[in-house]
Chemist: 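I have a structure I would like to understand better, so I am pasting it below and will then ask my questions one at a time.
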Amino acid sequence: MSEKIVLIDGHSILNRAFYGVPDLTNSEGMHTNAVYGFLNIMFKILDTEKPEYLTVAFDVKKPTFRHEMFKEYKGTRKPMPEELRQQVPVIQDVLEAMGITIVKRQGFEADDILGTIAKMAEAEGKEVTLVSGDRDLLQLATKNIKISIPKTKKGGSEVEEYHTEDVIEKYGVTPVQIIDMKGLMGDTADNIPGVAGVGEKTAVKILKAFPSVEEAYEHIEEVEPKRARELLRAGKDMAFLSKKLATIKTDCELDYSIKDAKLENIFTSEAFEWIKKLELKSLVKKFDSEAMNKAVERPKNFKYLKKKIEVKRFADELIKDAPEVVGVSFFGDEWSNSGVTKKKNKKKSGGQMAFVFDDISAVSLEDESDSTNEYLFLGLSLSYEKNGEYETVSILKNDETDGDFLIETYKKIQKKIPHIALIDWKNELHLTAVAENLSEDREAPLQMAFDDSDLDRLFNKISDVSIAAYLINPLKDSYGADDIARDYLDMTIPSYSERFGKSRLSEIVSEIDDDYLRESADEEKNVVINNLLEYTGELSYVAVAGYKNLESTLEKTGMIKLYREVEMPTAYFLYQMERVGVKADIAVLEQLAKKLDRKIIELESDIYDLAGEEFNINSPKQLGVILFEKMKLPFAKKTKTGYSTSADILEKLKKEDPIISKILDYRQFTKLKSTYAEGLAVFIENDKRIHGKFNQMITATGRISSTEPNLQNIPIRMEMGREFRKVFKAKDGFVFLDADYSQIELRVLADMSEDEHLIQAYKNGDDIHRSTASKVFHTPFDEVTDLQRRNAKAVNFGIVYGISAFGLSQDLGTTRKEADEIIKKYFATYPAIKAFLDEKVEEAKETGYSYTKFGRRRPVPEIKSSNFMQRSFGERIAMNSPIQGTAADIIKIAMIKVARKLKEEKLKSRIVLQVHDELLVETSVDEIEKVKEILISNMQSAAELKVPLIAEVEQGDDWFEAH
DNA sequence: GACTTCACG
DNA sequence: ACGTACGTGAAGTCA
C-alpha cells in the first residue's frame, strides 16, 4: 500500500463551510461557523482516508501573477463578508495549533500550490486526495490523484469523488480536457470568458473530435458544425487566454517538502484551547483526556500543609519574606438550605467560577444544625513569588486547621502583605464569613478576615482578577480561574467540571479527607488528592500570576479608576447586601397563592368550556391549534415554529372571542403563581429572609443582575402582581425607604448629547414627555394631548433603545411610515441628539467599542456585520450602551456612597435591594430622617451632570407601600 | 437544551 | 430586501 496525502483547498472549504453552516458565535461574539464546518469536513476526510500526510493551502490576499492577468474579470466579485474574513486567520491558527502544515505563499494561488504538491506527491508514488469545494481542480484528477468535493446536505455531509474515469463519465471529457472545456465555454463562477456563443454542448462536441483547443484551431476547417467553426474563428484570442486562465500550474517553485507534512496527533492541548475559546462544544469530545490535561505550561511548586504547626511556620516565614502580593483563595461549596433544587445560572458553559453551584437534592452532608449557612468553607490556598518563581500552598480545613485557625492565620498574613489578589471577591467574602461562623449574625456582616476599618485601604489592597477580566471584556460568560489562565496567562488549566465533573467540592474533600491527613492513601486516592490540591492551588496561583497583566490592561484602557473606585467597592457592598437579605413574609405569599389558585381553576374551566375541549393552555403549540385551527380565529398573525400566541397578538384578538381575555388572565395568574408565589417561597431561609444573589459580572452594559431569586423583576405594573410587593417587609423596628432616580437614562442622554433643549427642559423641571410632545408636534405646552404625550414618551424610550422606525411603530401601534415621520420630526427638533447617536455609532465602528461616561466599555462586534439585521442590532447597541451603561455606573456610585455613609455613621439601616435605578433601604425607625437625607444627597451627587439628577424617596412598612 | 412567553428597569 | 426596539432571569413545553 502506498502512502496517502490529503491536500485541502483552505479558502474553498472555509467558504463552503461558511455558507453551509448557520451562523454561530461564541460568547464574545466571534463568528465560528466556518471554522466549525471546516474542521468537521476535515475530520471526516481524515477519518475515511486515514492519510499519512496532510497539507492545507491558502491564498494570500495580494495580487498574484495569475490574478494580475485576469483581475479585471475577478474584480466584479463580491468582497468576502466580514463574518467570514474574521475566520480566515482563526482557522489558520487552529490548524497550526494542530501541527498541520499550512502553505500560503505570496505570489501563488492556492490552486497552483495544490496542483504542484499533488504532482510532486504523485511523482513520489503517493496516493493523493485533493479536497476542494469547487470543481476547478478536476483537471488535476488522475488514477492516483482523487478530487474530493464535500457536499453539505441535510442529515450529514456527502463527498463526491473523482478519479480520471469519474470525470470522463460525468463530463464526457478527460481531466486534462477540462482546461480546454473552460477555454471554450468559459466559467462564469471564475469569470473566465471563454469563446462567445460556445456553451457546454458545443465544447464537448469539439473536444470529442479534437483532443485540445490547440488541435481544434490547427484543424479549424474540420470543425463541425459550421456555426461552431465561425464562433471559434471569432473568439480565438479569448479561447487561448481563457485556457491559460483556467490552467492550474503544477510546477511552482515551492519551498515545501512532503515529509514535513507528516500527520501527527492533531488533538493537541493547544488545539484544545482553541476549541474551548471558540466554544465548539461538539468538537471537545474528540480530544482525549490526555490532551485536555496536558498543559502548555502549568503552575508548579505546589505544597500542601496539614498540621497546624506547619501552617504556623509557613505563615511566619511568609510574613518574614514579605512579598508585595499574595494570591488567596478561600474555597468551598455554595449550598442551599431549602432542600429544593436551585436553578443554576443559565449562562454557563465552558469555564466555571471557582465554586460549584450544584443542586442539593441529596441530604446535606454534615452540619445540619446550622441550615442557614449558604456556603460551606473547605480550605484556603495561598500563592506568592519566591526567588523569581511562584509557590503555592493549599490547606484543607480539618480538625486541627479549622475555620477559626485559618482565618486567624490569614488575618496575620493579610495585615503584613500590601496586596492581595483573588478570584471573585464577593464569593470569597461569603466563605470567610462562613469560616468565621458569622452566620449567627447576618445583619452585622463585618468580617474579621478583612479589616474594613479603612475601606479605601481595603479596596486598594484587594485585586479581584475576575472583575478586572469582566471590565476588559464584559461579554464572556464566566471569569473563573481557567478562563483567566487561558486569556491572560496563556496557560491551560482544567476547568472545575473537567476535574470533578458534577461532583461538589465537599464530596471530593470528604472522600479523601482522612487519608490525606494520615498520609495513608493508596495510588488511586493520591490521584484524587493531587487533583483536588492542584485545583485549589490554581485558584490563588492564577490570581497572583494574572493580576498584574489584568491591571495594566485596565490602566491602558482607562478603566483602572472605574475598577478601583466603582467595581471593587460594589463587590464588597453587594456581598453585604446578599448577606443581609430582605425579609419576606411567607404568610402573605401563601395568601396570594391561594387567591391565584382559585382564579386559575375558574379560568381553566371557563377556557375549556369555550374551547369545547381540555388542553394544555400553557403550551403555545396546543393553544395555537385551538385558537387558530379549531376556533378559526382570524389573523393567525405571526409564525416561527407555529402560531405566535404572545400577549400583544392576543390583545388584538380580544374582541373576537371571550376566550382570549380569559387566556390572557390565565397566563398572567399562572405566571404569578409559579414564578412568584412558588418561586419566591423556596428561597425564604430560616431567618425569614431571602438572600438572593446580585451578580456583578453578567451584563454587557455594567448593570447588576439578580438571581436565585430574581429580585429585580418583582411585579409592579399590574394590579394583581403588584400585591407581591407586600411580601417584602421591613423587620420589626424598621421601615423601608425606597429611593429611585427620576428618568436617569434620559437625563444621561441630555448630559452626554449636550442638547440644549433637553437640558433646559430638565433645568426648568418640565414634564419631559410633554415638553418633547410640545416641541415635536408644534403644540403649545399646555395644549399637548394625552395621545401626543404618550407618543412622545414612546419616542423618548425609543431614542434610549437605539431608535428604529419599525420598533417605534410596534410600540405605538401605528405604521412604520408614521413612526418614521415622528422620528424625523424628533431629530429635527433635537439635532444634538441625532449628532450624539451618530457619533456613538461611528465610534463603535471605529474602535469596536461603546463607552460610558466613566470609561466602561462594551465590545460591539455586530456593528461590522455584513448582515443587515445584525449590523442594525450593533448600531442600536452602540446607541443604547453608553446611556444604559452610564446610568448603571451612576447607581453603582450612588450605592457605594450611601452604603459607606451608613457604615461611617454607624447606622443600623442597610441597603437590601438594588433595582437598576432604585435602592431599597431597611431603615431603623430612629434613623428615618437621617437616611432619607443620606439617600437623596448621595444619589443626587453621584455624578455631575449638565442636568439635575433627581432622586425621590418614599416610605412604607412593605415594598408595596414604599414604591 | 432550544424555544416561547412574560416579569422588571 | 432584510424583519427589530435596549438590558436582564425564570418557568413551562417539547423534542
Side-chain angles (χ1 to χ4, degrees), chain A residues 281 342-347 349 474 615-624 638 640-650 663-664 667-680 682-683 692-695 698-718 720-722 724-725 740-741 743-745 794-795 797-812 816 819 823 850 858 860 862 865-885 887-888 891 913-918 963:
Chain A
K281 283 167 205 138
K342 279 190 184 176
K343 278 280 169 284
K344 293 173 207 175
N345 190 346
K346 200 172 79 182
K347 265 193 169 181
S349 56
F615 65 101
N616 188 344
I617 310 167
N618 282 322
S619 162
K621 201 178 156 194
Q622 292 182 38
L623 181 63
K638 289 197 294 182
K640 229 168 240 163
T641 54
Y643 305 98
S644 172
T645 65
S646 61
D648 53 327
I649 301 285
L650 295 188
I663 289 166
L664 284 168
R667 279 253 181 90
Q668 199 190 127
F669 294 148
T670 51
K671 172 96 179 181
L672 292 176
K673 181 159 189 260
S674 64
T675 304
Y676 299 102
E678 290 165 356
L680 289 175
V682 303
F683 288 102
K693 293 180 172 37
F694 289 88
N695 201 318
I698 292 281
T699 69
T701 53
R703 272 189 177 181
I704 282 159
S705 93
S706 163
T707 53
E708 300 173 61
N710 182 351
L711 295 170
Q712 291 178 325
N713 72 345
I714 304 301
I716 190 164
R717 294 171 190 169
M718 298 300 214
M720 181 71 215
R722 195 172 195 153
F724 277 91
R725 301 213 159 204
D740 72 324
Y741 277 119
Q743 296 166 333
I744 187 165
E745 292 189 340
V795 179
F797 267 95
I799 294 293
V800 169
Y801 289 161
I803 196 85
S804 85
F806 189 90
L808 182 62
S809 72
Q810 286 290 298
D811 197 58
L812 292 177
R816 228 202 73 240
I823 292 170
S850 278
R858 170 196 182 156
V860 194
E862 299 89 347
S865 174
S866 59
N867 176 299
F868 173 85
M869 210 187 77
Q870 289 241 342
R871 191 170 59 249
S872 306
F873 181 50
E875 288 164 1
R876 293 196 295 273
I877 290 172
M879 295 186 255
N880 170 267
S881 290
I883 303 172
Q884 188 185 124
I891 190 146
L913 294 180
Q914 188 263 35
V915 194
H916 309 309
D917 64 351
E918 170 188 2
H963 194 80

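Values below: every heavy atom of this structure, side chains too, minus hydrogens, waters and symmetry copies.
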Chemist: Using the side-chain heavy atoms of A:S646, tell me which of these nucleotides is nearest: B:dG9, B:dC6, C:dG3.
Modeler: B:dC6
Chemist: Establish, with yes or no, whether the OP1 or OP2 oxygen of C:dG12 is under 4.0 angstrom from a side-chain nitrogen or oxygen of A:R667.
Modeler: no
Chemist: Assign A:V915 to base, sugar-phosphate, or nothing according to its heavy-atom contacts below 4.0 angstrom with the strands shown.
Modeler: sugar-phosphate
Chemist: What contact category does A:A887 fall into here, base, sugar-phosphate, or nothing, at under 4.0 angstrom with non-hydrogen atoms?
Modeler: nothing
Chemist: Taking side chain to side chain donor-acceptor pair (under 3.5 Å) as the definition, give me every residue that meets it alongside A:S850, ordered by chain and number, with sequence neighbours left out.
Modeler: none
Chemist: Can you tell me if A:S872 touches the phosphate of C:dC2, counting only side-chain N or O atoms and a distance under 4.0 Å to OP1 or OP2?
Modeler: no
Chemist: With heavy-atom distances below 4.5 Å as the criterion, would you say the side chains of A:P715 and A:L672 are in contact?
Modeler: yes
Chemist: A:L672 near the nucleic acid: base, sugar-phosphate alone, or nothing, with a heavy-atom cut-off under 4.0 Å?
Modeler: nothing
Chemist: Contact class for A:L808 (heavy atom, under 4.0 Å): base, sugar-phosphate, or nothing?
Modeler: base
Chemist: Determine the contact category for A:E678: base if any of its heavy atoms lies under 4.0 Å from a base atom, sugar-phosphate if only primed atoms, P, OP1 or OP2 are that close, otherwise nothing.
Modeler: nothing
Chemist: Hey, does A:A878 reach any base, or is it just sugar-phosphate, or nothing, if we go heavy atoms under 4.0 Å?
Modeler: nothing
Chemist: Counting any heavy atom closer than 4.0 Å, what does A:R858 reach on the DNA or RNA strands: base, sugar-phosphate only, or nothing?
Modeler: sugar-phosphate
Chemist: Taking the side chain as every heavy atom from C-beta outward, state whether A:I663 and A:T645 have any pair of such atoms under 4.5 Å apart.
Modeler: no
Chemist: Go through the side-chain N and O atoms of A:S646 and A:D648 and say whether any donor and acceptor fall under 3.5 Å apart.
Modeler: yes
Chemist: For A:S872, what residues pass the side chain to side chain donor-acceptor pair (under 3.5 Å) criterion, not counting sequence neighbours?
Modeler: none
Chemist: Regarding A:T645, tell me which of base, sugar-phosphate or nothing describes its non-hydrogen contacts under 4.0 Å with the strands shown.
Modeler: sugar-phosphate
Chemist: For DNA chain C, what dot-bracket results from Watson-Crick or G-U pairs at under 3.5 Å, with [ ] for crossers and | for inter-strand partners?
Modeler: .....|||||||||.
Chemist: Give A:D811 one of three labels, base, sugar-phosphate or nothing, depending on what nucleic acid heavy atoms sit under 4.0 Å from its own.
Modeler: base
